[in-house]
Amino acid sequence: MKKFVFPSLFAVVASTLFFAYSCTDKNNPNDPNSIQGTFKEESTGTAANPNIGVVTVTGTSTLTNPATQNSAIQVAGSGWSYDGCATSLNTLTGHNGSTNVSLVFGSTPILGMSSYTLTSSSILNANQARLIVTNAPGQPDGIVWYSKGGTVSVVSTTANTTATFNNIQCLQYSFLFPVVTVSGALVCQ
């Protein structure tokens with residue numbers, strides 16, 4: 001009988017205390033923990049409209065891709081200039097007008113021949129690299145493209161570093177279409 005009385009008594013006392021607390025006045029203006037109502041104009045939460053009288057839109061908007069077609073870019077040759085090796089030991093960058101192509105290595109390329117796996121991630125291991133294209137020809141300005149995958153071959157000497165790549169597909173972070181295909185070479189001296 002005792003096994004039944006103590007749990008039942010505990011449940012009755014706990015529910016009585018809970019009920020008594022829940023019935024207390026939560027709108028006491030002198031209590032800093034009480035719930036206080038305000039007008040929407042005075043509110044500072046998510047319902048507050050900072051521009052009274054101006055309609056604001058809530059919810060999410062659908063992203064639209066400004067790029068609509070695939071394109072290709074050949075890096076190297078006439079019109080291309082390159083940053084020097086001293087600019088950054090683990091980045092090769094080429095420029096042609098407003099188009100910039102950068103190859104970021106997970107570690108400084110070693111002397112001799114080596115190969116790196118291309119990835120879109122900004123966190124790179126020692127044997128990984130990321131190709132980044134800004135303002136690709138045939139695409140709207142301001143879009144940044146990142147390598148989807150592939151490999152890059154690197155030849156590094158004490159005087160210069162040359163990275164060659166062929167048919168590397170680059171995508172935007174938010175969209176899987178269209179694709180910018182990049183081929184060519186980046187050099188620093």
Side-chain angles (χ1 to χ4, degrees), residues 46 49-51 54-189:
T46 58
N49 182 354
N51 301 313
V54 178
V55 176
T56 58
V57 178
T58 60
T60 59
S61 60
T62 304
L63 294 175
T64 57
N65 190 350
T68 59
Q69 62 186 2
N70 294 336
S71 65
I73 179 173
Q74 179 68 37
V75 179
S78 178
W80 284 91
S81 62
Y82 306 96
D83 290 350
C85 294
T87 304
S88 176
L89 297 176
N90 68 338
T91 304
L92 301 177
T93 304
H95 313 277
N96 187 348
S98 65
T99 302
N100 295 314
V101 178
S102 295
L103 183 61
V104 181
F105 297 98
S107 63
T108 303
I110 59 172
L111 292 177
M113 295 177 63
S114 56
S115 179
Y116 291 83
T117 302
L118 291 172
T119 180
S120 61
S121 174
S122 61
I123 301 171
L124 302 171
N125 295 330
N127 62 344
Q128 291 181 323
R130 180 167 76 155
L131 190 65
I132 304 168
V133 180
T134 307
N135 296 329
Q139 299 295 341
D141 288 340
I143 297 178
V144 181
W145 304 83
Y146 301 94
S147 54
K148 176 182 174 184
T151 58
V152 59
S153 299
V154 179
V155 176
S156 186
T157 66
T158 55
N160 63 31
T161 300
T162 302
T164 57
F165 38 88
N166 193 29
N167 293 326
I168 304 301
Q169 291 188 343
C170 295
L171 307 169
Q172 302 170 66
Y173 269 136
S174 303
F175 304 101
L176 298 177
F177 174 84
V179 174
V180 171
T181 304
V182 185
S183 297
L186 288 171
V187 180
C188 75
Q189 298 175 341

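The figures here come from the full heavy-atom set of this structure, side chains too, leaving out hydrogens, waters and symmetry mates.
Side-chain contact, Q139 with S71: a donor N or O sits under 3.5 Å from an acceptor N or O. N90 and S88 form a side-chain donor-acceptor contact under 3.5 Å, judged by distance and modelled atom types alone.
Side-chain contact between I73 and V101 is present, with at least one heavy-atom pair separated by less than 4.5 Å. For the pair V154 and F105, the minimum side-chain heavy-atom distance is below 4.5 Å. Looking at heavy atoms from C-beta onward, L171 lies in side-chain contact with V179 at the 4.5 angstrom threshold. Residues S122 and R130 form a side-chain contact, since some pair of their non-hydrogen atoms from C-beta on lies under 4.5 Å apart.
The minimum heavy-atom distance between P109 and L89, with the atom names listed, is CD-O, 3.6 Å. Of all heavy-atom pairs spanning L186 and S102, the tightest one is CD1-C, 4.2 Å. Closest of all the heavy-atom pairs between V152 and A129 is CG1-CB, 4.5 Å. G77 approaches Y82 most closely through the heavy-atom pair N-OH, 4.1 Å. The minimum heavy-atom distance linking P140 with P66 is given by the pair CG-O, 3.4 Å. Minimum interatomic distance between T99 and P137 (heavy atoms only, all atoms of both residues): OG1-CD, 3.8 Å.
Rounding to the nearest 0.5 angstrom, the gap separating the CG atom in N127 from the OG atom in S115 is 9.0 Å. Between the OG1 atom of T161 and the CD1 atom of I110 there is a distance of 11.0 Å, given to the nearest 0.5 Å. The OG atom of S114 lies 9.5 Å from the CG atom of L111; values are rounded to the nearest 0.5 Å. We find the CD1-NZ distance between I168 and K148 to be 11.5 Å, quoted to the nearest 0.5 Å.
For the pair N166 (side chain) and G184 (backbone), a donor-acceptor distance under 3.5 Å is absent. Remark: the backbone N or O of A126 is paired with a side-chain donor or acceptor of S107 at under 3.5 angstrom. Under a 3.5 Å cut-off, the side chain of N135 and the backbone N or O of D141 do not form any donor-acceptor pair. A donor-acceptor pair under 3.5 Å is absent between the side-chain atoms of S147 and the main chain of G149, judged by distance alone. Of the possible polar contacts, one joining the Q128 side chain to the N125 backbone as a donor-acceptor pair under 3.5 Å is found. Counting only distance, with no hydrogens or angles, the side chain of S183 and the backbone of N167 share a donor-acceptor pair below 3.5 Å.
Listed by chain and residue number, Y173 satisfy the ring pair (Phe, Tyr, Trp, His ring centres under 6.0 Å) test with Y146 (two or more places apart in sequence, or in another chain).
Counting heavy-atom neighbours within 6.0 Å of Q189 CD, excluding the residue itself, gives a total of 12 or less.
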From CA spacing to verdict: side-chain contact (heavy atoms from CB on, under 4.5 Å), T119, L124: CA-CA 8 Å; T119 180; L124 302 171; 3.4 Å; yes
